[in-house]
Amino acid sequence: MVYKISVSLDHSSYDIHIYNKFSSNLSIPTIILNNKNSVIITNDTVRSIIAKKKYTYINKIIKNIPFFTIKDGESYKNLQVVESIIHFLLEKSYGRDVTLIALGGGVIGDITGFVASIYQRGVNFFQIPTTLLAQVDASIGGKTGVNHKLGKNMIGSFWQPNGVFIDINFLFTLPREHIISGMAEIIKYAIIFDKKFFIWLEENLLKILSLQEKELLFCIKKCCELKARVIQNDEKENNIRIFLNLGHSFAHAIETYTGYGKWLHGYAVSVGIIMASYLSVQLNLLHECNFFRIVKILYNIGLPIKGPKKMLPDDYILLMLRDKKVLNKIMRLVVPVDIGKVKLVSSVKESVLLNSIRNCQEQIYKF
Ligand code: NAD
Ligand code: GLY
């Protein structure tokens, strides 16, 4: 193991373990291996990659532990799949002592966590995230859930994992577009909390993209530390955790509008961050030069900087009104006010928001 980061909570503390390229034969999962009542939840893609790649320890786990495999894709993050997992667990007579192990990206982590939170009123679960996005964000903090066709992540719960095991070896089989997608959440942390980290990212983008170990580990550790600090202070999103939603109101609208899976989550987040930043410029909260710096880092990594062409400003507003941050029908949005600092704004006039989305989509950038 290379790093251990603790998430200290009143009733559900746990550790995040981060492993490097050579520390594979890990203690990952002695806890899991020794548990006779574990079930792995994964998807067909991850399962076949693991079988081919011969990660010794994971294969050892798979040999000893039953697993339930779902189809790959955001479009399967739904209640029908939740039902199918619960059906499997009941059919095999798993009781409250079952431990679920989420082995996969954010989709697997979110569904498994949700099932863990409701199966027989709540059972233990571990996260073994296998995508960059899940390693830096989705596997930590206990947000679990599934999509509804009218809104992304609209059904869910807060249910903390009992441990998170991050092994960077998984990332070497991850398609590049998913590395890039994960980068959007990494850049998000820097814009929200840490200007020095943002500058470091500007300088080290290519090294991370080419999965250089030192930079990758630094980056994953940094995000896990930032997220652990937030969760410890605000587990259920009553104050500071809301900042982690930077760009997400716009992003979730894009994902819902286009149909789950058509736009990768990180790609939609990239556009969402740009729209939130543009709005902030319009509200005189963010200097234009910082806006361009934000657009440039996202562009340089290969992330989209504009939303789907056919999606109109009104389409955004309609879906954003269903966002979980809406209170008393008033939209609340997280916007950057500097690099490393964000603010929650509410009561933005609809006309300002509409114009802002329209102008942002029509911007011509010269880098
Ligand atoms: P994903 O889970 O769909 O994984 C992306 C793709 O990579 C899938 O095709 C998957 O099968 C494949 N894959 C996974 N591991 C692989 C590996 N090691 N090698 C090759 N292929 C691999 O998507 P994601 O980007 O990991 O997660 C996105 C989801 O996470 C969204 O549903 C989003 O809402 C959710 N999310 C949740 C939180 C949270 O706090 N709970 C935070 C951010 C995002
Ligand atoms: N990904 C946002 C959160 O965990 O709060």
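Order of listing sets the numbers, starting from 1, for every ligand and every atom in it.
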Exercise. Which of the numbered atoms in ligand 2 are below 4.0 angstrom from a heavy atom of Leu244?
Worked result: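 The list of qualifying atoms is 2 (C), 3 (C), 5 (O).
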N/O to N/O below 3.5 Å, does that happen between [X] and ligand 1?
X      : answer
Thr144 : no
Lys143 : yes
Glu185 : no

Exercise. For ligand 1, is any non-hydrogen atom under 4.0 Å from Asn43's backbone (N, CA, C, O), its side chain (CB onward), both, or neither?
Worked result: side chain
Exercise. Quick one: does ligand 1 sit under 4.0 Å from the side chain of Pro175, the backbone, both or neither, non-hydrogen atoms only?
Worked result: side chain
For this session: Measure the distances from the heavy atoms of Lys227 to every atom of ligand 1 and state whether one is below 4.0 angstrom.
Result: yes
Problem set entry | Glu225/Lys221 ion pair, N-O < 4.0 Å |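 So Glu225 pairs with Lys221 through a salt bridge.
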For this session: Salt-bridge test for Lys196 and Asp194: reply yes if a basic N is under 4.0 Å from a carboxylate O, no otherwise.
Result: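 Between Asp194 and Lys196 there is no salt bridge, as every charged N stays at least 4.0 Å from the carboxylate O atoms.
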Exercise. Considering distance alone, does some N or O of Asn245 sit under 3.5 Å from an N or O of ligand 2?
Worked result: no
Exercise. Relative to atom 37 (C) of ligand 1, which among Asp110, Leu171, Ile111, Leu133 owns the nearest non-hydrogen atom?
Worked result: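 Looking at heavy atoms only, the winner is Asp110.
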For this session: Could you pull out, from Val107, Ile108, Thr173, the option with a heavy atom nearest to atom 1 (P) of ligand 1?
Result: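 Result: the heavy atom closest to atom 1 (P) of ligand 1 is in Val107.
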For this session: Check each atom of ligand 1 against the heavy atoms of Lys152 and keep those under 4.0 Å away; list them by number with element.
Result: 31 (C), 32 (O), 33 (C), 34 (O)
For this session: Within a distance under 4.0 Å of any heavy atom of Ile49, pick out the atoms of ligand 1 and give their elements.
Result: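 Numbered from 1, ligand 1 contributes 19 (N), 20 (C), 21 (N).
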Exercise. Under 4.0 Å from ligand 2, counting heavy atoms only, is it the side chain of Lys227, its backbone, both or neither?
Worked result: side chain
Problem set entry | Part of Asp137 within contact of ligand 2 (heavy atoms, under 4.0 Å) |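 The answer is the side chain of Asp137.
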